[in-house]
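What you see below is based on every heavy atom in this structure, not just the backbone, and it leaves out hydrogens, waters and symmetry mates.
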Amino acid sequence: MPSVYLGDFPEPDRIEGAPHPRETAQLIGHEAAQADFLHSFNAGRLHHGWLITGPRGVGKATLAWRLARFLLATPENDGGMFAPPPPATLDVPADHPVTRRLAALSDPRAYLLRRGLNETEKAPAQDILVKEVRKLKEFFTMAAADGGRRVAIVDSADELNTNAANALLKLLEEPPAGVTFFLISHQPFRLLPTIRSRCRELRLTALPARPMAEALAQAWAVIDTPEAMAELAGGSVGEAMRITNLEGMALYRTLIALFGGLPRMDRPRLLAFAETGSGKGNEPRFDLALTLMDLLLARLARAGTLGTTPPEACQGEAALLARLSPDPWAARQWADLAQSLSARARRGKAVNLDPAALLMDMLLRIEETAGTLASR
C-alpha cells in the first residue's frame with residue numbers, strides 16, 4: 001500500500017502505546033455514522049468523498065480504515081441473477097487478505113496520505129506538503145490491481161498546507177474512476193469550503209464513559225475510573241491515552257489541590273507545579289499541564305453559567321467548582337481569563353518562553369482573578 005516515506009521516524013498518525021487505527025479490530029460506538037455509510041453503499045449512492053469529522057481521538061481514523069477495509073473486501077455487484085445480497089454490516093474478518101494487507105500497508109489499491117519528510121528529506125514535515133499529494137495523483141494514474149475499487153485516506157486534512165489543499169481539491173473535483181476518498185478532520189471549519197462542499201460528512205461525537213472504557217481496553221489501556229476519565233478526556237480515546245501515558249490524572253488532582261487554596265495558592269505547591277514539564281524531553285507533559293489548566297478554567301465557567309457542577313473528574317472537584325464559580329458573573333470572569341491565558345500560552349510557546357516561567361505567570365493570573373472574585 002503506497003504511503004509517504006517516513007524512514008526511521010515514528011508514524012505521525014499513531015498514538016504512543018496504542019495500536020494504529022488500521023490495526024484496530026472494532027470501532028466502539030458511532031453506530032449512526034456507520035449505518036449512514038452502509039445505507040448509501042447498499043442504495044448505490046456511494047459518494048466519492050467522505051469527510052469524517054469530530055473531536056480529536058474519538059475514532060475518526062479507525063472509522064476511515066474500517067470503511068476502507070469494507071470497500072476493498074466487498075465484491076462488486078454486477079447486477080446479475082447470482083449477485084450476493086446487500087451487506088448487513090461493515091465487518092471484515094481479521095484473517096481476510098484485505099485486512100492483513102491494509103494492516104501491513106501493502107494493499108496496492110489503497111493510499112495513505114499523511115505528513116511525510118520535509119523538503120530536505122531529513123526530518124518530519126510540520127504539514128502535508130504538495131509533493132505528497134502529487135504522489136497520490138501518480139498513484140491514481142496507475143491501473144488498479146484488479147480493476148476494482150480504490151481508496152485514499154487523508155490523515156489529517158487539517159494538516160494540508162495551502163498548495164497541498166488546492167492540489168487535493170483538484171482530485172476531488174475530477175475524481176478518478178472507482179476511487180473513494182476518506183478525509184479525516186478535527187477542525188473542518190479550517191478546511192477550504194470547496195473541499196467541504198465536495199465531500200459528504202460523517203460526524204462523530206465524544207464517547208460516553210462505558211463505550212470509552214471499552215475502546216480503551218481495545219487499545220490496551222485499562223482505566224479504573226472510566227467516568228472520571230471520560231470527563232477529563234472529553235470523551236476522546238486518544239486524549240485519554242495521552243492523559244494515561246503522561247500520568248495526567250495525578251497531575252489534575254495536583255491542580256485541584258492547588259486551586260483549593262485560592263484565593264491564595266500554597267507557594268511550595270505553586271512552585272512545584274510550575275516546574276511541570278521543565279527540562280529537555282518533557283514538552284509533552286508541559287503541553288498536558290496547559291491543557292488541564294485550560295480544562296479546569298472551562299469547567300469553572302460552565303459550572304457558574306449552568307448553576308450546577310459537572311460530574312467530577314476527581315474527588316473534591318465539584319465542591320471547588322461550586323465555591324470558585326457560584327454564579328454567571330464569576331463564570332464570565334473565568335471564561336475571559338481562560339481565553340486570555342490560552343492566547344498567552346500560544347505566544348509563550350511561539351517564542352520558546354521557559355515552561356516554568358510561563359506556568360508561574362498563568363497561575364499568578366488565576367490567583368489574581370480568584371482574589372477579585374473573593375473581594376466582591
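- In this structure, a donor-acceptor pair under 3.5 Å is present between the side chains of R346 and S342.
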**Prompt:** What do the steps show when you test T369 against R365 for side chain to side chain contact (heavy atoms under 4.5 Å, CB included), and what is the final call?
**Reply:** CA-CA 6 Å; T369 298; R365 288 285 306 278; 5.7 Å; no
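- In terms of modelled atom types and a separation under 3.5 Å, the side chain of K137 and the main chain of L168 share no donor-acceptor contact.
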**Verdict with reasoning, M229 to T244, per side chain to side chain contact (heavy atoms under 4.5 Å, CB included)** = CA-CA 9 Å; M229 181 60 80; T244 300; 3.7 Å; yes
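- Around CD of E173, the count of heavy atoms belonging to other residues, nucleotides or ligands within 6.0 Å exceeds 12.
- Crowding of H96 atom NE2: a count of heavy atoms from other residues, nucleotides or ligands under 6.0 Å exceeding 12.
- Pairing each heavy atom of L359 with each of A274, the nearest pair is CD1-O, 3.6 Å.
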Taking distance alone, no hydrogens or angles, what donor-acceptor pairs closer than 3.5 Å link side-chain atoms of residues 254-261 to residues at least two apart or in another chain?
| from | atom 1 | to | atom 2 | distance (Å) |
| --- | --- | --- | --- | --- |
| T254 | OG1 | A250 | O | 3.0 |

**Message:** Checking L27 against Q34 for the side chain to side chain contact (heavy atoms under 4.5 Å, CB included) test, could you report, in this order, the C-alpha distance in whole Å, the side-chain angles of both residues, the deciding distance, and whether it holds?
**Reply:** CA-CA 9 Å; L27 176 66; Q34 297 184 71; 3.6 Å; yes
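- Distance alone, capped at 3.5 Å, is enough to place a donor-acceptor pair between the T141 side chain and the E138 backbone.
- Side-chain atoms of P310 and E231, non-hydrogen and from C-beta on, do get closer than 4.5 Å to each other.
- Linking Ile, Leu, Val, Met, Phe, Trp and Tyr residues whenever their side-chain heavy atoms come within less than 4.5 Å leaves L306 and L297 in two separate clusters.
- Note: the hydrophobic cluster containing L113 also contains L169 (ILVMFWY, side chain heavy atoms under 4.5 Å, direct or indirect links).
- No salt bridge links E368 with R264; every basic N to acidic carboxylate O contact stays at or beyond 4.0 Å.
- Of all non-hydrogen atoms in A330 and L324, the two that sit nearest each other are CB-O, 4.1 Å.
- We find that E312 and R299 are not joined by a salt bridge, their nearest charged nitrogen and carboxylate oxygen being 4.0 Å or further apart.
- Salt bridge status for D327 with R376: present, with a side-chain N to carboxylate O gap under 4.0 Å.
- The structure places OG1 of T180 at 9.5 Å from CG of L67, a figure rounded to the nearest 0.5 Å.
- In this structure F286 satisfies the ring pair (Phe, Tyr, Trp, His ring centres under 6.0 Å) test with no other residue, sequence neighbours excluded.
- Under the 4.0 Å criterion applied to side-chain N and carboxylate O atoms, K135 and E132 are assigned as salt-bridge partners.
- Using a distance-only test at 3.5 Å, with no hydrogens or angles considered, a donor-acceptor pair links the side chain of D354 to the main chain of A357.
- When side chains are defined from C-beta on, T372 does not count as touching Q333, because their heavy atoms never get closer than 4.5 Å.
- When the side chains of ILVMFWY residues are joined at heavy-atom separations under 4.5 Å, either directly or via intervening members, L292 and L271 end up in a single hydrophobic cluster.
- Side-chain contact check for L183 versus I52: every heavy-atom pair is 4.5 Å or farther apart.
- Within the model, atoms CG of D294 and CG of L341 stand 8.5 Å from one another, a figure rounded to the nearest 0.5 Å.
- Between the side chain of D107 and the backbone N or O of V98, no donor-acceptor pair lies under 3.5 Å.
- Taking all atoms of both residues into account, the shortest heavy-atom contact from A152 to L136 is CB-CD1, 4.0 Å.
- At least one donor-acceptor pair under 3.5 Å links the side chain of S278 to the backbone N or O of E275.
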**Message:** One pair to check against side chain to side chain contact (heavy atoms under 4.5 Å, CB included): E23 and W65. What are the steps and the verdict?
**Reply:** CA-CA 9 Å; E23 303 163 348; W65 286 98; over 6 Å; no
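- Formation of a donor-acceptor pair under 3.5 Å by the D127 side chain with backbone atoms of R115 is not found in this model.
- No side-chain donor-acceptor contact under 3.5 Å links S106 and R100.
- For the salt bridge (charged side-chain N to carboxylate O under 4.0 Å, His left out) condition, the pairs that include at least one residue of residues 242-255, sequence neighbours left out, are E239-R242.
- In the hydrophobic cluster analysis, where Ile, Leu, Val, Met, Phe, Trp and Tyr join through side-chain heavy atoms closer than 4.5 angstrom, L358 is grouped together with L295.
- Counting heavy atoms from C-beta outward, P87 and F70 have side chains that approach closer than 4.5 Å.
- A heavy-atom distance below 4.5 Å is not found between the side chains of Y252 and I243.
- Side-chain contact annotation: H30 with K60, donor-acceptor N/O pair under 3.5 Å absent.
- Across every non-hydrogen atom of D155 and A61, the tightest pair is OD2-CB, 3.7 Å.
- Rounding to the nearest 0.5 angstrom, the gap separating the CG atom in N118 from the CG atom in L129 is 7.5 Å.
- Counting only heavy atoms from C-beta outward, the side chains of L192 and L160 never approach each other to under 4.5 Å.
- In the displayed structure, Q126 atom CD is contacted under 6.0 Å by at most 12 heavy atoms of other residues, nucleotides or ligands.
- Ring centers of W50 and F37: under 6.0 Å apart, within the cut-off.
- Side-chain contact check for R114 versus I153: every heavy-atom pair is 4.5 Å or farther apart.
- Remark: K170 pairs with no residue by the salt bridge (charged side-chain N to carboxylate O under 4.0 Å, His left out) rule, at least two apart or across chains.
- H48 places no side-chain N or O within donor-acceptor distance of the main-chain N or O of V179, the cut-off being under 3.5 Å.
- The main-chain N or O of M265 is found under 3.5 Å from a side-chain atom of R267 such that the two form a donor-acceptor pair.
- Rounding to the nearest 0.5 Å places OG1 of T305 at 10.0 Å from CZ of R302.
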Which atom pairs, donor and acceptor, lie under 3.5 Å between side-chain atoms of residues 202-216 and protein residues at least two apart or in another chain?
| from | atom 1 | to | atom 2 | distance (Å) |
| --- | --- | --- | --- | --- |
| R203 | NE | E201 | OE2 | 3.2 |
| R203 | NH2 | E201 | OE1 | 3.3 |

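- In this structure, the side chains of L270 and M360 come closer than 4.5 Å at one or more pairs of heavy atoms.
- Aromatic ring centres of Y111 and F140: separated by at least 6.0 Å.
- Under the ring pair (Phe, Tyr, Trp, His ring centres under 6.0 Å) criterion, F273 pairs with no residue at all, not counting sequence neighbours.
- Here the side chain of T24 pairs no donor or acceptor atom with the backbone of Q26 at under 3.5 angstrom.
- One hydrophobic cluster holds both L337 and L290 under the rule that ILVMFWY side chains link at heavy-atom gaps under 4.5 Å.
- The main-chain N or O of L72 is found under 3.5 Å from a side-chain atom of R109 such that the two form a donor-acceptor pair.
- Crowding of Q315 atom CD: a count of heavy atoms from other residues, nucleotides or ligands under 6.0 Å not exceeding 12.
- Contact record, D266 with P268: OD2-CD, 3.2 Å, taken as the closest heavy-atom pair.
- Surrounding CZ of R56 are at most 12 heavy atoms belonging to other residues, nucleotides or ligands under 6.0 Å away.
- Closest approach of R22 and R69 over heavy atoms only: O-NH1, 3.5 Å.
- A salt bridge links D336 to R332: one of the charged nitrogens lies within less than 4.0 Å of a carboxylate oxygen.
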